[in-house]
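Worksheet for the structure shown next.
Convention: sequence-line order gives letters A, B, ...; per-chain numbering from 1.
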Amino acid sequence: MNEAIFTTNNLWMMISTILVFSMHLGFATLEAGLVQKKNVVNILFKNTMIVCIGLLTYTLIGFNLMYPGADYAGGFFGFSGFGLSVPEGNPIDYAGGNYTYWTDFIFQGMFAATCATIVSGAVAERIKLMPFLIFSVVFVAFCYPITGFWQWGGGWLKEAGFYDFAGSTLVHAAGGFAALAAVIVLGPRRGKYTSHGIKPIPGHSMPLATIGVFLLWFGWFGFNGGSVLSANPMAVSLVFVTTSLAAAAGAVTALFTSYYLFKSYDLSMVLNGILGGLVAITAGADQMSPTDAIAIGGIAGIIIPFSVVFFDKIKIDDPVGATSVHMVCGFWGTLAVGIFGVKGGLGQLGIQFMGVATVGVFSFVAAFIIMYVLKLTTGIRVSEEEEIKGLDVCEHEMSAYADSPAEQMAGFKM
Amino acid sequence: MNEAIFTTNNLWMMISTILVFSMHLGFATLEAGLVQKKNVVNILFKNTMIVCIGLLTYTLIGFNLMYPGADYAGGFFGFSGFGLSVPEGNPIDYAGGNYTYWTDFIFQGMFAATCATIVSGAVAERIKLMPFLIFSVVFVAFCYPITGFWQWGGGWLKEAGFYDFAGSTLVHAAGGFAALAAVIVLGPRRGKYTSHGIKPIPGHSMPLATIGVFLLWFGWFGFNGGSVLSANPMAVSLVFVTTSLAAAAGAVTALFTSYYLFKSYDLSMVLNGILGGLVAITAGADQMSPTDAIAIGGIAGIIIPFSVVFFDKIKIDDPVGATSVHMVCGFWGTLAVGIFGVKGGLGQLGIQFMGVATVGVFSFVAAFIIMYVLKLTTGIRVSEEEEIKGLDVCEHEMSAYADSPAEQMAGFKM
Amino acid sequence: MNEAIFTTNNLWMMISTILVFSMHLGFATLEAGLVQKKNVVNILFKNTMIVCIGLLTYTLIGFNLMYPGADYAGGFFGFSGFGLSVPEGNPIDYAGGNYTYWTDFIFQGMFAATCATIVSGAVAERIKLMPFLIFSVVFVAFCYPITGFWQWGGGWLKEAGFYDFAGSTLVHAAGGFAALAAVIVLGPRRGKYTSHGIKPIPGHSMPLATIGVFLLWFGWFGFNGGSVLSANPMAVSLVFVTTSLAAAAGAVTALFTSYYLFKSYDLSMVLNGILGGLVAITAGADQMSPTDAIAIGGIAGIIIPFSVVFFDKIKIDDPVGATSVHMVCGFWGTLAVGIFGVKGGLGQLGIQFMGVATVGVFSFVAAFIIMYVLKLTTGIRVSEEEEIKGLDVCEHEMSAYADSPAEQMAGFKM
Amino acid sequence: MKKIEAIIRLSRFDKIRDALALIGINFFTLQDVKGFGLQKGEKMVYRGSVYDADYIARLQIDILTTDDMVDAVVDAIISSGKTGEVGDGKIIVYDVQEVVRIRTGEKGSEAV
Amino acid sequence: MKKIEAIIRLSRFDKIRDALALIGINFFTLQDVKGFGLQKGEKMVYRGSVYDADYIARLQIDILTTDDMVDAVVDAIISSGKTGEVGDGKIIVYDVQEVVRIRTGEKGSEAV
Amino acid sequence: MKKIEAIIRLSRFDKIRDALALIGINFFTLQDVKGFGLQKGEKMVYRGSVYDADYIARLQIDILTTDDMVDAVVDAIISSGKTGEVGDGKIIVYDVQEVVRIRTGEKGSEAV
Ligand SMILES: Nc1ncnc2c1ncn2[C@@H]1O[C@H](COP(=O)(O)OP(=O)(O)O)[C@@H](O)[C@H]1O
Ligand SMILES: Nc1ncnc2c1ncn2[C@@H]1O[C@H](COP(=O)(O)OP(=O)(O)O)[C@@H](O)[C@H]1O
Ligand SMILES: Nc1ncnc2c1ncn2[C@@H]1O[C@H](COP(=O)(O)OP(=O)(O)O)[C@@H](O)[C@H]1O
């Protein structure tokens, strides 16, 4: 391995880190756009804190739980000590000339927090701030790294032949199942499911939501492209193609499916279709041909509207569609590796199912327990009055927009 | 060519792809900011779909229409078959060590959709959604690749000595002329041109518009910088300098010109001045000195306010100024290659004029025909009532902002 | 030095340029979010113009003032002539294979304007547009390059052993001290400090402010990462780690400190905490271990709320907290190089203090004089009536949001 | 003195304004209101749930005028504001005890 | 004819709407207002300064109705809008001289 | 009982609020309105077209009060709200038939 290629590989991994970082802004704006005006500060606060908490816990413990080293190969759990320490030896050798130790850590660290962010959208508009942050700390410090270790850290799933290129299972389905558990413990927003039927609670800003989805797609070039773990020209560029085509196909099929179902060009469904396509291709982005990618993303786009309606029917209230996008399409994308592409085949399909199911069950159960314990101790839900007034005023003593002429005037006297 | 430089070159082309992708978000936010609040979902919907449609049609047909291969050199039209297929041989040889086949496709694919996006802004606030999407499919599948082939695909314009580095003509003027044709067929927004004179219809969010322009500039580093088609240090960094200085000069001259004309510091003009500078430098970004770039961008910034006023006078109603920015400054920038820089000279100027004029006429006529056929068949314009109520409620059954206290309350009961 | 590494190094420096560029959008959105609705166009206008002006003056004069060459080594002032001119010789030799002349210029040029942008937030909502732009021209053309030369250009501070990796002093403290001077000359917004106490004037959009902070963090990867001045794998990736951890720690400590002080989860403080952490790590981002970085950022996050309250107490009215973030944390971060990390030690601490103090005094005095002269000549403050009505309507004849149903209707007749 | 409140369609505002100007009424106060009435709001769809917006955005015009102008104003609004479809709105006439112009302190018909 | 203006809590809107519907009142006009009264606004904190929002967001419902319905409407609003805490709001009844339906020109009780 | 509606300049709101507080009026309802009157809106420029904003943003204050307070309130508003320039606004006094406090059901002067 020569120094020049090492430098280039590492550069790409660092840029991927920046791209994955920008996904946090994507989540923040998407989720802010899909909640009501009175809960915007709260969702921004949570999303801002999650990145920060995620990076710090990953420094302290997560990284060494997820990548404890070869000693724990094939296992269920490993840990190589607190904090970071640069290994001895020539940096070029740390990862066969692909990236440095620091790059490894920061790239993985940016990934870690996305998992908790997925939950934040699903529990929006009624969860208390502090319990949620505690949940995030625990989830991102322990749960995500443990299941992550199973596969990417070289644990038992890896050994079983499971394949999850960039995290349809390990990030998205894990986060999505946790979100489902959290929503079940927490209950729906007041007024959403009434005796007269479902009462939609429209998000307060479609521009913010759209910005969020574009930023997520933008960041996904690093999420998937960086998962090649080097700047290998053919591999990374193929991943760019499959990722983008799956997103594009998801949008188009979501458009037609939702038009067929609701006779309406629903922007929020198209946006979710794009995300569904992205989540679905993630497990096999390096394995698929363009046509496979279009099929996988396109099917995700069809699943999305049905899934959103289904969860509403069973009264799982998820304001941003995180369960449909991350859990359902993460599941689908993981299976798709056993159907399409180079690895497709019944055997692989079985292993894929087993992998996503075990990770899903683990994440679900872990999230359920954490949430339940918090419910019994600190409480997890704001009061009815606070929910009606909004979390911004009640938890943050602030409103997201101070913008009427009368409010502006208020600045001119005590 | 060595592997390391190949990897770096390809990396830059992939990053340029991401940057060009982010221009779609730039267009989406710019256009959303410059329309009325009641048409925001519609414009976001269109811009989101265009990227997706663009990528899919480019996969199916566009790429092979635009780059049919050496067999068609010097011609008017070529086609090398449907779909994508990786050529045999060592990837490094595909483009002389500059990029892989996949990178080539995805970079070009991201470019393709920008052309149709230019149109979307100009026809905003009154065009029906479905006919517009059909227009986009046809335009991006056929028209853009055909004129693109003339030059970048190695067709007759190329052979004639025409020079268009990154698309002042092939992307911007092409899109701008198509926009003009579309606006002519469609007619102005109701109430814009009255017996009492011109009634301005202010955009609903200057922050969104400003975000859009910054994102476009951001993406332009990839649009122009990527058009070097390698990471050549001197070439790409010069392009960065000329591109940025042209944008900066466009802002400054647009500020003074519009202050001189209207006695007002008009933010929308400064924003258009930046875009005008960027469009203008695009044809010769690799040919110009910093001083040339400042001159070219500065002249574009002077042109913009005059052009905007002119089009309003002749009742061409273009809510975002796409014709001024893309058509007029694209024209200017193409000519500038024959005036400034290494290639400057009367002969070249003639060829430049011929090139932009033929591409312009082709795009104009093609867009006119497509729009006209749609007008006669599906109809292209919403009804007066829909226009007054806004496309969001009428075409999407949704509003972009659901934000008054009363609306928020609405969430609490059926 | 081989061509391949040169290409990669230069590529990273160009990408860093793009990232630093995106900080201008970050500043624009952050500042727009933290002002009142009636002053949004004005702040966007200023931030847009500053980048453009900065690039142009840097072309004309700034670059050659800041980097006049080895002839002026160890001095206080140097100048190598107007405009840009590519040096003779092989481009690879210009900077030891790290970047080209053009890259050098454009990277430094993007940095330059950030200094003036820092001021723009602090003087928002009451300064006249034109005098502010004149101030920016002078500041960015002369003041920033002169102090910049002292260190980065190889002047006397450099020789004295001062260390400022990426500009805690040269960019942030310089801008922050200038902001302080400007605020003192200008006075607080009317109605902020009343006989009954401090009247908060809430910003009009927390989503915009949050987007701004994420974009600044995003750009800081290039601001600090690019300051390595090559793509050196270990160096740059360490900078990524320290930068991100400092930001994360700043958020967490700002959260707890402001909760302790105000019993409230104040989003604006957390956002400022992130920025404080970023500013503070900037002086020594390449010198610190992850633990050091957490300590430096964490202390910055504790400082922020105290500092904000302090400046309000002494009636320094700074709507966006620029003095606290840039001046105070820039000061802190500069000192931190003498406390933590490889260079830590009493001698270095003294030098660091001396460096930041002299640069601070110079910037403060220079800004004070420029502002004062403008106050006596053109005047720098809008009238009371204009301040009440808002700068958008009074200086720009425009409003940032045109969005009530009645206004929308207004489009339909003259 | 009378106050006339008219709750009208957004789309008729300009026609009504012109009609009022023709009879010499150039002064009024406008506000955004939400109307609940016979005409239902638009059908809306959000994330798969179809619902009716339960109100319609409307404008309320408040006009202060002298007693003798009332009929003219009412007629002007009816003729310019009517589409004939459900939802055209209402005009309400009140008696006002006193009107004062803040600038001058003038009262009654001097003040409008 | 009477006009009834009720200034109510946001959180009681739906209850009040239902109560009105029960007595046959489905038509009204709604607007966002800001109330200054006994109940103070929320405690707010911004960048370290604590302050009270000096008003509370409220809704104003305007109902036109015939004289005989007034008591029923007032009672319906009181029973559905009352929480017992300071800040429940006010109901105001005015005499209206004339009501006209723009669509038809009908007047008086025909028009509501 | 009377209701006083005052349409005022935004910039005078705080002065008026203070003046009202001095005479014991701390309760009122505020709304954003748009005024069309002698004073024209600002000159605006958008993409090269110059136009006048045809209205001015104003505040409307609604005060319920007993008959004996009316003159004091009107005087307070005039003295604190007047700039002397065209556009200071209007004060309108209505007779109110009944006022009810939702919280207690109290009526008349007890309720304000
Ligand atoms: N009884 C009422 N009290 C107050 N406002 C009313 C009343 N009835 C109607 N309105 C207002 O008038 C608007 C139009 O009334 P609607 O019943 O829809 O049509 P029309 O007046 O043509 O019969 C309603 O949206 C509402 O704002
Ligand atoms: N004198 C008044 N004039 C106009 N509006 C009033 C008056 N008094 C109260 N209001 C309105 O009624 C609302 C509730 O009044 P408040 O005094 O807080 O509680 P309560 O009515 O329960 O005593 C206020 O927020 C304000 O909008
Ligand atoms: N006849 C009217 N009916 C209703 N509102 C009015 C009337 N005349 C004026 N107003 C309101 O009062 C405001 C101030 O009036 P204007 O004529 O501009 O100044 P002035 O009251 O000082 O003569 C207007 O903007 C409008 O809101």
Side-chain angles (χ1 to χ4, degrees), chain E residues 1-9 11-13 15-16 19 29-41 52-63 65 67 70-97, chain F residues 1-8 10 12-34 57-67 69-70 73 76-77 80 92-112:
Chain E
M1 297 297 302
K2 302 287 175 199
K3 180 177 168 199
I4 300 170
E5 258 176 45
I7 295 166
I8 61 164
R9 290 184 187 280
S11 55
R12 287 284 148 156
F13 173 65
K15 291 223 171 70
I16 292 171
T29 302
L30 185 72
Q31 47 189 302
D32 296 311
V33 299
K34 298 184 169 72
F36 293 73
L38 290 181
Q39 192 193 5
K40 285 286 144 214
D52 288 322
D54 33 30
Y55 63 84
I56 296 192
R58 295 192 185 282
L59 296 174
Q60 176 177 324
I61 299 183
D62 292 358
I63 304 164
T65 191
D67 297 18
V70 170
D71 287 344
V73 170
V74 169
D75 289 348
I77 296 176
I78 291 183
S79 61
S80 56
K82 156 156 134 191
T83 66
E85 311 255 312
V86 160
D88 283 350
K90 303 276 182 276
I91 305 169
I92 310 149
V93 183
Y94 305 86
D95 211 54
V96 165
Q97 195 191 316
Chain F
M1 299 297 302
K2 301 287 174 200
K3 181 180 169 197
I4 301 171
E5 257 175 47
I7 295 166
I8 61 165
L10 268 70
R12 287 283 148 157
F13 173 65
D14 280 311
K15 291 222 171 73
I16 292 172
R17 175 157 51 153
D18 289 351
L20 290 172
L22 280 182
I23 57 166
I25 304 283
N26 292 303
F27 306 144
F28 53 88
T29 302
L30 186 72
Q31 48 189 302
D32 296 311
V33 299
K34 299 185 169 69
R58 296 192 184 279
L59 296 173
Q60 175 177 325
I61 299 183
D62 292 359
I63 304 165
L64 288 166
T65 191
T66 49
D67 297 18
M69 286 293 291
V70 169
V73 170
I77 297 177
S80 56
I92 310 149
V93 183
Y94 305 85
D95 212 53
V96 165
Q97 194 190 316
E98 188 64 277
V99 178
V100 188
R101 187 189 294 272
I102 295 176
R103 172 162 52 99
T104 55
E106 287 163 300
K107 303 204 168 174
S109 56
E110 308 285 287
V112 299

Original post:
If you count heavy-atom pairs under 4.5 Å with chain F, which of E:Gln60, E:Lys3, E:Glu5 comes out on top?
Top reply: E:Glu5
**OP:** For residues F:Thr104 and E:Lys82, determine if any side-chain heavy atom of one lies less than 4.5 Å from a side-chain heavy atom of the other.
**Re:** no
Original post:
Could you give the distance from CD (E:Gln31) to CD (F:Gln31), rounded to the nearest 0.5 Å?
Top reply: 4.5 Å
Original post:
E:Val74 versus chain F, heavy atoms under 4.5 Å apart: side chain, backbone, both or neither?
Top reply: side chain
Subject >> Distance-minimising heavy-atom pair for E:Ile7 and F:Thr29 >> reply: CD1-OG1, 3.4 Å
Original post:
Of the backbone (N, CA, C, O) and the side chain (C-beta and beyond), which part of F:Leu64 lies under 4.5 Å from a heavy atom of chain E, both, or neither?
Top reply: side chain
Original post:
Say you draw a straight line from CD1 of F:Ile102 to OG1 of E:Thr83; how long is it, rounded to the nearest 0.5 Å?
Top reply: 9.5 Å
**OP:** Apply side chain to side chain contact (heavy atoms under 4.5 Å, CB included) to the pair E:Tyr94 and F:Glu98, showing each step before the final yes or no.
**Re:** CA-CA 7 Å; E:Tyr94 305 86; F:Glu98 188 64 277; over 6 Å; no
**OP:** Check E:Asp75, E:Ile77, E:Ile91 against F:Val100 for a side-chain contact (heavy atoms from CB on, under 4.5 Å) and give me the one that passes.
**Re:** E:Ile91
Subject >> Separation of E:Lys90 NZ from F:Arg103 CZ (nearest 0.5 Å) >> reply: 7.0 Å
Original post:
Side chain, backbone, both or neither: which part of F:Asp95 has a heavy atom under 4.5 Å from chain E?
Top reply: backbone
Original post:
So what's closer than 4.5 Å to chain F heavy atoms on E:Val70: side chain, backbone, both or neither?
Top reply: neither
**OP:** Rounded to the nearest 0.5 Å, what's the gap from CG on F:Leu59 to NZ on E:Lys34? Could you check?
**Re:** 8.0 Å
Original post:
What is the ring orientation for F:Phe28 with E:Phe36, classed by angle as parallel under 30°, tilted 30 to 60°, or perpendicular over 60°?
Top reply: parallel
Subject >> Between F:Gln97 and E:Lys2, a side-chain donor and acceptor under 3.5 Å >> reply: yes
